[in-house]
Amino acid sequence: MGVTKTDYMRGMQCPKMLWLDRHKPEEKVIPPEVQELLDKGNEFGDRAMGMFGEYVEMTAYREDGRLDFSAMLQRTQEHLLDGTKVLCEAAFRYYGNYCAVDILRRTESGYEMYEVKNSDGVKDQFVRDIGFQLYILLRCHVKVEKCFVVYRGEGTEEFSVADVTPQAKAYSRTVNDNIWRLGKVKVQKEEVEMQTGEQCEQPYRCWYWDYCHAGEKK
């Protein structure tokens, strides 16, 4: 597989992070409080699947418990042809580059994409996230009409929805300049050389912080 959505987002934060994911994942340290946030995000995403009523989830697993990407891609195409109204974790691949859309909702003339985030608002990285997905889907000849970010609602509303279509389209046009570069970074044999800096913290603190800062004076 080429570059996934996660690869792209992490590689754009720091190419060394992407390289370490592939070559030295044992150096990764996920703090308990971060893991708790990740778990809560997954729970929020699971609840959001039903926000439009009935849906069909594309997720499939192999016997060893890992995701079965081939089965997910095939299942997605079958449901697109069948006209399924709402697909969750719909999988798409373009020249080996891959993404799974949280919610893909069919309209009368195309589709709407929804990226679900357990957040109190819309952040720039969310737009970049859905912009990458838009890049893949458009090249898979899926007619995407609107892009939305779903985040935590206020009061009695569990979900808030923000239309980020213009921003997502603008960002998707920059993806091609980076995706092939990151694909090469991911598989290169030599470790990426990067000075520590702001990218270690923004937009998220890197899980390889200890590894990359090990030689620095305290």
Side-chain angles (χ1 to χ4, degrees), residues 4-6 8-10 12-13 30-61 67 72 75-76 79-80 83-92 99-138 142-175 198-207:
T4 67
K5 180 183 72 170
T6 300
Y8 187 86
M9 296 299 293
R10 290 171 66 75
M12 289 300 291
Q13 178 173 340
I30 304 178
E33 63 274 15
V34 174
Q35 186 61 57
E36 183 179 357
L37 290 174
L38 293 172
D39 293 339
K40 288 181 178 178
N42 289 334
E43 293 170 2
F44 184 76
D46 289 344
R47 293 197 302 272
M49 287 185 183
M51 62 186 294
F52 298 116
E54 292 186 3
Y55 65 90
V56 180
E57 188 174 356
M58 302 296 105
T59 307
Y61 295 95
L67 286 173
M72 291 176 66
R75 184 178 296 179
T76 297
H79 282 276
L80 290 177
T84 301
K85 294 284 188 180
V86 180
L87 290 73
C88 294
E89 297 299 328
F92 297 91
C99 73
V101 181
D102 287 342
I103 301 173
L104 188 65
R105 185 187 189 194
R106 189 165 66 89
T107 66
E108 291 184 358
S109 54
Y111 287 90
E112 296 174 344
M113 294 172 54
Y114 295 80
E115 175 67 13
V116 181
K117 298 294 185 183
N118 184 28
S119 172
D120 58 3
V122 178
K123 297 179 171 58
D124 289 342
Q125 60 265 30
F126 302 165
V127 174
R128 295 194 291 270
D129 194 319
I130 200 168
F132 174 85
Q133 297 172 65
L134 179 62
Y135 168 88
I136 297 291
L137 265 68
L138 291 178
V142 178
K143 185 179 179 182
V144 179
E145 298 180 324
K146 293 282 186 178
C147 301
F148 300 92
V149 172
V150 180
Y151 58 99
R152 291 197 305 270
E154 297 181 358
T156 59
E157 295 294 328
E158 183 171 17
F159 306 111
S160 290
V161 180
D163 187 342
V164 295
T165 306
Q167 303 96 306
K169 286 184 176 180
Y171 186 78
S172 72
R173 290 192 284 270
T174 72
V175 171
E198 291 184 359
Q199 77 279 3
C200 299
E201 296 274 5
Q202 298 296 330
Y204 305 107
R205 185 179 176 110
C206 179
W207 297 337

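Just so it is clear, the model here is predicted, and its values are computed rather than measured.
Taking OG1 of T165 as the start and CG of L134 as the end, the distance is 8.5 Å to the nearest 0.5 Å. Summarising the geometry, atom CG belonging to D102 is positioned 4.0 Å from atom CD belonging to E115; distances are rounded to the nearest 0.5 Å. Y55 contributes atom OH, which lies 6.0 Å from atom CE of M49 (distance to the nearest 0.5 angstrom). Taken from CG in L104 to CE in M113, the straight-line distance is 7.5 Å, to the nearest 0.5 Å. For the atom pair R205 CZ and C200 SG, the distance stands at 8.5 Å (nearest 0.5 Å). Atom NZ of K117 is separated from atom CD1 of I130 by 9.5 Å, given to the nearest 0.5 angstrom.
At most 12 heavy atoms of other shown residues, nucleotides or ligands fall within 6.0 angstrom of atom NZ in K40. For E154, the CD atom sits in a loose shell: 12 or fewer heavy atoms of surrounding residues, nucleotides or ligands are nearer than 6.0 Å. For OH of Y61, the number of neighbouring non-hydrogen atoms (other residues, nucleotides, ligands) closer than 6.0 Å is 12 at most. Residue E198 places its CD atom among 12 or fewer non-hydrogen atoms of other residues, nucleotides or ligands, all under 6.0 Å distant.
Counting heavy atoms from C-beta outward, E89 and V101 have side chains that stay 4.5 Å or more apart. The side-chain heavy atoms of V161 and M51, taken from C-beta on, include a pair separated by under 4.5 Å. For the pair Y204 and Q125, the minimum side-chain heavy-atom distance is below 4.5 Å. A 4.5 Å side-chain heavy-atom check between F126 and V164 finds every atom pair outside the cut-off.
When all heavy atoms of L87 and T76 are compared, the pair lying nearest together is CD2-O, 4.1 Å. The two residues Q13 and P203 make their nearest non-hydrogen contact at OE1-CD, 3.4 Å. A pairwise comparison of heavy atoms in V142 and Y111 identifies CG1-CD1, 3.9 Å as the closest pair. Closest heavy-atom contact between M72 and M58: CG-O, 3.2 Å. Between F92 and L80, the closest heavy-atom pair is CE2-CD1, 3.7 Å. Across all non-hydrogen atoms, the minimal contact from G153 to S160 is CA-OG, 3.2 Å.
Checked by atom type and distance alone, the side chain of E145 never pairs as donor or acceptor with a backbone atom of E112 at under 3.5 Å. In terms of modelled atom types and a separation under 3.5 Å, the side chain of R128 and the main chain of M9 share no donor-acceptor contact. No donor-acceptor pair under 3.5 Å is formed between the side chain of R105 and the backbone N or O of V86.
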Can you check side-chain hydrogen bond (donor to acceptor under 3.5 Å, both in side chains) on D129 and Q133, steps first, answer last? CA-CA 7 Å; D129 194 319; Q133 297 172 65; 2.9 Å; yes

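Residues passing the ring-ring contact (aromatic ring centres under 6.0 Å, His included) test with F148 are Y114, sequence neighbours excluded.
Residues F44 and F159 bring their aromatic ring centres within 6.0 Å.
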